[in-house]
Amino acid sequence: MRKPIIAGNWKMHKTVGEALALVRELCGITAGVADVEIVICPTFTALYPVHLAICEGPLRLGAQNMHWEAQGAFTGEIAPAMVKEVGCTYVIIGHSERRQYFGETDDTVNKKVKAAFANELIPIMCVGETLEQREAGITEGVVGRQVRQGLTGLSAEQVAEMVIAYEPVWAIGTGRTASAEDANAVCRFIRQVVAEITGAESAEKVRIQYGGSVKGENIAELMAKSDIDGALVGGASLDADSFAKIVKFK
Ligand SMILES: O=C[C@H](O)COP(=O)(O)O
């Protein structure tokens, strides 16, 4: 039985002060939630203050990105050990905005996923097709390639522990959610690809999130599907009440 995991990706929002105000509200609202893992992913500058402010409870901290190298002359980058040091359990890797605006490729995603495991961080590896690719009927080809290349060289145990986020690019921040059936079909396909790569047991255990305009109004329908184990939430994670509606989907 896979434990649901809801992650809030705050993207480039919230100053440290605003992040602290939000996490304090979330601590109260989520205190009693026991059967869902909740991850919040603030900006780099807010990670440590938010780590200190997270109270006992279900909230876990994640970073939105990191470099794969341990250290060096990489101006503007953050190393995996630095992310770990400030209290992160999770790290988002290969978000479509990183792929689209910052040149991330399946190869850099794979390096980062491996670096996450080497530093005892759990990767949330993002995959998903653009609208053009969906309309061209190549969703499975694109997503299958992203999953295969992203997981290259990982053990079955590592894959079983990680999270894969399926985010159709056309549904991100647009208010246009994939139908629960369509989202589940791609998540099921991802699980089949994982089974081909690292075997049935890891495919059964890996948690697959859907992301793209998730809200309190659509989360229950998505979570009722067989292969959707959680959500990666952008806009609706920036407000305590709207995020609370999502994490309390049951
Ligand atoms: O990481 C989160 C996703 O990009 C979804 O963002 P959204 O919920 O604002 O559509």
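Just so you know, ligand 1 is whichever comes first in the structure, and atom 1 is the first atom listed for that ligand.
- Scanning for side-chain hydrogen bond (donor to acceptor under 3.5 Å, both in side chains) contacts around Glu201 gives Lys205, with sequence neighbours left out.
- Evaluation of the side chain to side chain donor-acceptor pair (under 3.5 Å) test over residues 212-222, restricted to residues two or more places apart or in two chains, returns Thr177-Asn218.
- Using a 4.0 Å cut-off between a side-chain N of Lys or Arg and a carboxylate O of Asp or Glu, Arg191 and Asp229 qualify as a salt bridge.
- Other residues, nucleotides and ligands contribute only 12 or fewer heavy atoms inside 6.0 Å of the CD atom of Glu85.
- Pocket lining of ligand 1, defined as residues with a non-hydrogen atom under 4.0 Å away: Asn9, Lys11, His95, Glu167, Ala171, Ile172, Gly173, Gly212, Ser213, Leu232, Val233, Gly234, Gly235.
- Residue pairs meeting the side chain to side chain donor-acceptor pair (under 3.5 Å) criterion with at least one member in residues 65-76, sequence neighbours excluded: Asn65-Lys112.
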> Under the side chain to side chain contact (heavy atoms under 4.5 Å, CB included) criterion, do His51 and Val86 qualify, and how do the steps go?
Replying inline: CA-CA 7 Å; His51 164 64; Val86 294; 5.6 Å; no

